[in-house]
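Please read the structure below before turning to the comments.
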Amino acid sequence: MDIPAPPASPALPVEYRLRVLVDLPRHSRLDAVLDYLAPEPWPAGTLVRVPLGKREVCGIVWGAAEVPEGVEGDEVPVLRSVVQALTALPPFTAGWLRLVGFAASYYQRSPGEVGLSALPPDLRDLDAVQLTRRLKRLDKARAAAAKAVVVPPVPERPALSPEQQTVLDTLADGSPQPSLLFGATGSGKTEVYLREAERVLAAGRQALVLVPEINLTPQLEARFAERFPDRCLVSLHSGLTPAQRLQHWLSAHLGHADLVLGTRMAVFASMPRLGLIVIDEEHDPSYKQQEGARYSARDLAVWRGRHERVPVLLGSATPSLESWYNAGPVEAGGGRYRRLVMPSRIGGGRLPAVRLVDLSRIAAQFGKQALRQHPLAPPLLDALRERLDRGEQSLVLLNRRGYAPVLHCTNCGWKSACPHCSAWRVFHKLDRTLRCHHCGITERVPRACPDCGDPDIQPMGRGTERLEEQLADLLPGARIGRIDADSTRTKGSLESQLASVHAGEVDVLVGTQMVAKGHDFRRMTLVAAVQADAALFSSDFRAPERLFSLLMQAGGRAGRDAELAGRSEVWIQTWHPAHALYAALRQHDYEAFAASQLAERESAGMPPFSFQALLRADARTPEAALAFLDAAALQAQRLPGAQEVLVYPPVPAPIHRVADVERAQMLVEASGRVALHRLLAHWLPGLQALSSESATRVLRWALDVDPLSI
Ligand code: ADP
Ligand code: ZN
Ligand code: ZN
């Protein structure tokens with residue numbers, strides 16, 4: 001690194017100027033890279049403590065600072081000094097710093113905000129003495145562990161299936177080109193991850209494995225720990241205590257941990273010997289951060305792999321259309337990823353048969369009233385009874401928690417609107433509350449209509465609580481369980497509920513999409529989706545993609561046991577049985593579905609054929625939010641490259657009021673990533689200026705690059 005020579009005056013102590021990242025959001029108009037004086041030329045990546053206003057904060061040395069050109073003598077700004085450097089910690093690698101810099105510029109945040117928020121909060125509070133103490137403690141613990149533990153024998157690995165073998169042979173070249181592993185549920189993708197990890201571990205490198213949900217980490221951790229009993233494995237996710245998170249992070253940073261498993265935050269793990277990145281269930285929307293720097297951990301992982309020359313393995317049974325497109329033929333715009341396929345399930349199990357229940361026929365046969373009263377059509381109910389008789393399990397999916405989405409008065413038509421949001425308050429029968437799922441406001445259910453006093457207030461529609469109740473009525477003697485965000489609020493409750501399903505203590509499980517992901521239920525031979533249609537006609541163009549993958553994943557839960565696979569079924573109740581999405585699902589034909597979706601997106605010029613950013617604005621009134629966006633649109637029109645970018649008119653957000661704040665948004669789209677980013681970079685200073693003008697009464701605004709929900 002080039003450090004400018006200090007002034008040659010023997011009387012002055014030698015001083016260096018360093019650029020330091022501190023945690024200031026880009027909105028604060030500072031770049032969050034500040035210059036400080038330092039007694040030593042600490043290298044980029046060194047952790048330091050610096051004064052900032054009246055506080056002392058944690059910073060990361062970004063590089064040497066230059067004296068601004070043309071400035072001399074007394075005009076050189078007086079800088080404050082670094083308080084101390086935490087040199088007990090090895091500096092971050094250049095690769096890690098580049099990742100932070102890229103993420104910041106791509107998602108239009110400050111590098112300081114991205115870099116500092118990637119560190120465990122406890123680390124940011126330590127001074128040099130405390131850090132040294134912690135590192136000593138860590139060393140002691142490591143030494144003790146090394147002595148105490150009798151390493152269990154390395155377990156026998158299963159013989160690879162021919163498909164696994166072919167995939168691993170292809171991966172063996174260690175090519176830094178990312179690979180998309182398109183493998184059916186139950187095709188043994190995890191075994192491929194394990195073998196790849198084994199290969200890079202043997203070469204003395206570290207492996208990073210990302211999973212979408214915190215709930216899935218224990219399961220995966222167990223499989224890796226079992227396979228690599230003599231290796232150090234740590235996890236990184238928001239469920240850890242601050243002390244655990246610091247310890248795990250340090251293990252990764254110091255290179256002690258061979259394997260790092262974690263959720264999206266782990267993409268920023270500092271790993272000096274990184275040799276492999278695996279992204280399991282790469283299609284999962286949880287990889288996108290929904291606040292602050294709204295980064296996609298999947299996309300950053302791919303970038304990181306390319307720049308650190310490390311192979312990246314993306315796995316899914318239903319890849320995101322972006323990844324599928326990237327792994328497609330070069331002629332069609334793809335060729336960025338290798339496509340590896342494993343279509344067969346281990347043990348030769350078939351994928352479950354998909355049955356569609358045509359609700360219009362059921363209505364004609366039994367009357368619409370019957371459908372309103374009974375959540376399940378008679379043939380589906382019979383199928384559930386069959387499972388009960390055979391001692392098998394069923395899963396009934398309904399993506400709506402609570403008892404009923406709204407209460408209404410039969411006399412005057414009052415409905416349980418939230419006073420603070422443009423949404424209904426949901427009726428929860430178990431604790432007799434009305435709860436708004438957007439602002440959280442909770443009230444006792446009124447005894448009578450608040451408007452007319454009529455005592456006859458009734459639930460409308462159905463949530464998981466009500467479905468559970470109705471199923472208990474319809475299937476006397478069956479043990480009904482329910483898993484959703486309400487039933488799993490307390491720590492450990494999800495684990496215990498899952499365990500009771502595995503132990504066979506539940507016959508019919510009612511659940512939200514939470515249970516459709518990743519959990520492996522052996523005795524389950526039926527999965528039913530009772531209200532799936534809404535996604536077919538959503539205003540969000542990604543809704544069909546999400547529905548398809550949810551139903552494929554859910555179907556993958558059924559018939560994991562080869563012996564039961566033959567009679568495993570997925571049932572879908574629908575008013576649109578002829579819809580192309582369901583037709584593809586019946587054939588388990590992801591490729592056909594993806595092809596038709598991509599064709600639609602191409603003709604409509606939507607991602608992956610275009611690149612988008614969403615500017616969101618919150619204000620006390622809808623007018624103020626929209627006015628901010630209008631003014632922003634005017635600015636955008638005058639920026640260089642504006643003709644290459646399409647700025648849509650501002651619109652209210654899908655749920656336009658939350659907790660008395662009005663939300664609006666404006667979509668910006670370009671056919672090329674470069675054009676979009678050039679505009680965004682030029683636009684940002686203007687947006688900052690605009691938001692601080694007193695005339696704009698905007699409370700908050702944010703840019704979401706590559707937004708997932710619009
Ligand atoms: P996926 O992640 O693709 O859905 P898994 O990796 O969970 O599939 O594998 C499904 C099941 O098959 C698991 O129980 C796993 O232990 C088992 N399995 C994977 N590979 C093999 C193999 N080569 N031989 C025997 N069993 C295997
Ligand atoms: Zn009323
Ligand atoms: Zn509310």
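Keep in mind the model is a prediction, meaning the values are calculated, not measured. We number each residue from 1, following the sequence as shown. Ligands are counted one by one from 1 in listed order, and the atoms in each one are counted from 1 as well.
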>> Working to 10°, measure the angle at the Zn ion (ligand 2) formed by atom SG of C409 and atom SG of C449.
In response: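 SG of C409, the Zn ion (ligand 2) and SG of C449 span an angle of about 110°.
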
> If you measure from each non-hydrogen atom of L160 to ligand 1, which part falls under 4.0 Å: side chain, backbone, both or neither?
Replying inline: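 It is the backbone that touches ligand 1; the side chain stays farther off.
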
> Which one holds for M342 and ligand 1: side chain close, backbone close, both close, or neither close, with close meaning a heavy atom under 4.0 Å?
Replying inline: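 Neither; nothing of M342 gets under 4.0 Å from ligand 1.
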
> Relative to the Zn ion (ligand 3), how many protein N, O or S atoms have a separation of less than 2.8 Å?
Replying inline: 4

>> Holding to side chain to side chain donor-acceptor pair (under 3.5 Å), I want the full list of residues that pass it with Y325, two or more places apart in sequence or in another chain.
In response: none

> What orientation do W324 and F182 show, parallel under 30°, tilted 30 to 60°, or perpendicular over 60°?
Replying inline: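 Ring orientation, 0 to 90° scale: perpendicular.
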
>> Is the ring pair F427/Y403 parallel, tilted or perpendicular, if the boundaries are 30 and 60 degrees?
In response: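 Perpendicular, since the angle between the ring planes exceeds 60°.
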
> Where the closest heavy atom to atom 8 (O) of ligand 1 is concerned, which of G347, G188, S316, A317 has it?
Replying inline: G188

> Which of the listed options, P158, G186, G556, holds the heavy atom that is closest to atom 1 (P) of ligand 1?
Replying inline: G186

Can you sort out which atoms of ligand 1 are near [X], meaning under 4.0 Å from one of its heavy atoms?
| X | answer |
| --- | --- |
| T185 | 4 (O) |
| S161 | 23 (N) |
| A184 | 3 (O) |

For residues 439-451, tabulate all N or O donor-acceptor pairs below 3.5 Å that involve a side-chain atom, not counting sequence neighbours.
unit_1	atom_1	unit_2	atom_2	d
T442	OG1	G440	O	3.0
E443	OE1	R425	NH1	2.8

> Say you draw a straight line from CG of D507 to CZ of R523; how long is it, rounded to the nearest 0.5 Å?
Replying inline: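 These two atoms lie 11.0 Å from each other.
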
Show which side-chain atoms of residues 152-159 pair as donor or acceptor with protein atoms under 3.5 Å away, not counting sequence neighbours.
unit_1	atom_1	unit_2	atom_2	d
R157	NH1	E198	OE1	2.9
R157	NH1	E198	OE2	2.4

>> Quick check on the 6.0 Å ring-centre criterion: do H237 and H248 meet it?
In response: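 H237 vs H248: aromatic centres not under 6.0 Å.
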
> Should R345 be listed as contacting ligand 1, given a heavy-atom distance under 4.0 Å as the test?
Replying inline: no

